[in-house]
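Reading through the structure tokens given below for one structure.
Worth saying up front: this structure is predicted, and the values here are computed from it rather than measured. Order of the sequence lines sets the chain letters (A, B, ...), proteins ahead of strands, with each chain counted from 1.
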2 protein chains.
Amino acid sequence: MPVIQSVDRALRILTVLQGSRRLSLGEIAGRLGLAPSTVHGIIRTLLAHGMVAQERDSQRYRLGPATLRLGNVYLDTLELRSRVATWADELARRTGCAVRTGVLLLGDVVVVHHEPRPDGTRQMPEVGIVIPAHACALGKALLAFDPAGLVDVTGRGMTGETITDPVALDAQLDQVRRTGIATEAEEAVLGECGIAAPLADAGGEAAGAIGLVVPASEWPPAASAVDALRAAARAVSRELGAQAWPPPAPDRLRPPASA
Amino acid sequence: MPVIQSVDRALRILTVLQGSRRLSLGEIAGRLGLAPSTVHGIIRTLLAHGMVAQERDSQRYRLGPATLRLGNVYLDTLELRSRVATWADELARRTGCAVRTGVLLLGDVVVVHHEPRPDGTRQMPEVGIVIPAHACALGKALLAFDPAGLVDVTGRGMTGETITDPVALDAQLDQVRRTGIATEAEEAVLGECGIAAPLADAGGEAAGAIGLVVPASEWPPAASAVDALRAAARAVSRELGAQAWPPPAPDRLRPPASA
DNA sequence: ATCCGTGTTCGGCATAGTCGAACGTTATTC
DNA sequence: GAATAACGTTCGACTATGCCGAACACGGAT
């Protein structure tokens, strides 16, 4: 599957900038193995559209405001998000936990909805944050039903608890496929556990996942919380047009009669 | 200033998609005046990075989750945002109004921070929304001190009150430069008025603007609210390293002795 | 004042992108 | 139900386009 070289490079520049906040032209060129003048031409174009911005003092480059505009429109167009909003609210009240909804982006999970814990404390909005898929419950729920295999298997862990063994992860995913429920205990951040369930769409695929954020001190969660989560996932999936929940296993795991 | 053609086209595709949510390949090609196969090649690249997504049923294209990730990182890197956060909170409490902070993106204002009205009602988060610069107080505060002239002057109005006359707008901007305060009365959305002030950075430019959203029924706002707004803008500007507030008029309006 | 370290511009070569036409598939019509 | 139309997708050839190396300007260092 051929890609347009210059566009690919432009997107790589954005990705690099997204990882390291503010970089000089030379640094970007170095990380991508390109000539500075090549990068400059592309950045000039990104600059004209507001996708990157240049600090007037240090001359370094950052992401620009156009990225925010795009991200906001993405949220608006996401049917998943509007469908999940009402259910997440109720789920948070019932369980006393924060509720996250996420979608898969390559090997990561991007949070598209966040219902804060209903205890009135000020909490940072988490919409837009990215978590490695293999290290969170949302990610496991998504990977288990993803038609593409787990992208690059597991690179490296985030905490001591992170699962870095491909076969151990695969065993977990198999269980997720059977039960429809994925869990995670301090594998992404210490002190934080999670439990999640996939959200099926009309095509029978996992369009997203919804999950509870559970403090390690309250782990494992009550059975009633798990039931509420499962019910919410079922309800949202039905609204999305899915016929079954949990969704069927992806085709790659069903090689029965074709060879 | 030459731009890379294919990258420019890729960004145009994103912009079109951002305006019209979901489009077929042919529609995109039509709006850009390009061959469908050309657009397809670019979209395939955007697809590989998650910048666009394709619906599996209708085959149409939407923006993808990678846009959200970029937008979120942009917010994190924005010094303006973190500096404004504490002040906006106090300003909202003192005035009883919602507080918005925005930056300029070509001819529009992008909201980068939003402190809801402190009356406890559920309000939509407005971070990421885009408003034509000439139709809102934030935009006027920014345009008045923007080194580039008002991009394309005023195209067309949003409500009957929107200022569409370039000279009328320029007169307002001149007053903004003198007082440091910009206002808007139902020019963007009916029933909503605004008052805003620029935020100066170390370079003496308007890096952003902060403003109050005032219901039309409470317009004009009390003098104490205007004072509080001005004080907040001064404080944030000082934290950003600005020496003066309001910032000096842009160079394009100072052609004294050079020719 | 001089030297590095930047970001930026310019021009030639060849690669890499564009376009038109053909293909396969899916929805629509009679 | 068959034929048609519309759409996304693939392929190949032409040449316009973007890539790179070297030269230029600017700033802050020593």
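Within the structure, side-chain hydrogen bond (donor to acceptor under 3.5 Å, both in side chains) pairs that include any residue of residues 64-77 of chain B comprise A:Arg62-B:Thr77 (at least two apart or interchain).
The separation between B:Arg12 atom CZ and C:dT18 atom P is 13 Å, rounded to whole Å. Between B:Leu32 atom CG and C:dT18 atom C1' there is a gap of 14 Å when expressed in whole angstrom units. For the pair A:Glu55 CD and C:dG7 P, the computed distance is 12 Å after rounding to whole Å. We find that CZ of B:Arg56 is positioned 12 Å from P of C:dT26, with the value rounded to whole Å. If you measure from atom CZ of A:Arg44 to atom P of C:dT8, you get 9 Å, rounded to the nearest angstrom. Put simply, CG on A:Leu23 is 13 Å from P on C:dT6, counting in whole angstrom units. In this structure, B:Leu25 places its CG atom 14 Å from P of C:dT18, rounding to the nearest Å.
Both B:Val39 and A:Ser37 lie close to DNA chain C; mapped to their nearest nucleotides by heavy-atom distance, the more 5′-ward contact belongs to A:Ser37.
Taking every heavy atom of both residues into account, B:Ala10 and B:Leu46 meet most closely at O-CD1, 4.1 Å. Closest approach of B:Gly203 and A:Arg56 over heavy atoms only: CA-NE, 4.1 Å. Nearest heavy-atom pair across A:Val52 and A:Leu47 is O-CD1, 3.1 Å.
A donor-acceptor pair under 3.5 Å links the side-chain atoms of A:Thr45 to the main chain of B:Ile4, judged by distance alone.
Heavy atoms of A:Gln54 sit under 4.0 angstrom from primed sugar atoms or phosphate atoms, though from no base atom. Using a 4.0 Å heavy-atom distance criterion, A:Gly41 is classed as making no nucleic acid contact.
Think of the region where chain A sits on DNA chain D: with heavy atoms and a 4.0 Å cut, that region ends 5' and 3' at D:dC19 to D:dG21.
B:Arg9 and B:Thr38 share no donor-acceptor pair across their side chains, judged by distance under 3.5 Å alone.
A salt bridge links A:Arg83 with A:Glu79: the distance from a Lys NZ or Arg NE/NH1/NH2 to an Asp or Glu carboxylate oxygen falls below 4.0 Å.
A 6.0 Å sphere centred on CZ of B:Arg12 holds no more than 12 heavy atoms belonging to other residues, nucleotides or ligands.
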Shorter than 3.5 Å, N or O on both sides, protein versus nucleotides 15-17 of chain C: list them out with atom names.
from	atom 1	to	atom 2	distance (Å)
C:dA16	OP1	A:Gln5	NE2	3.4
C:dG17	OP1	A:Gln5	N	2.5
C:dG17	OP1	A:Ser6	N	2.9
C:dG17	OP2	A:Gln5	N	3.3

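For the side chain to side chain donor-acceptor pair (under 3.5 Å) criterion with B:Arg100, the lone passing option out of B:His114, B:His113, B:Glu126 is B:Glu126.
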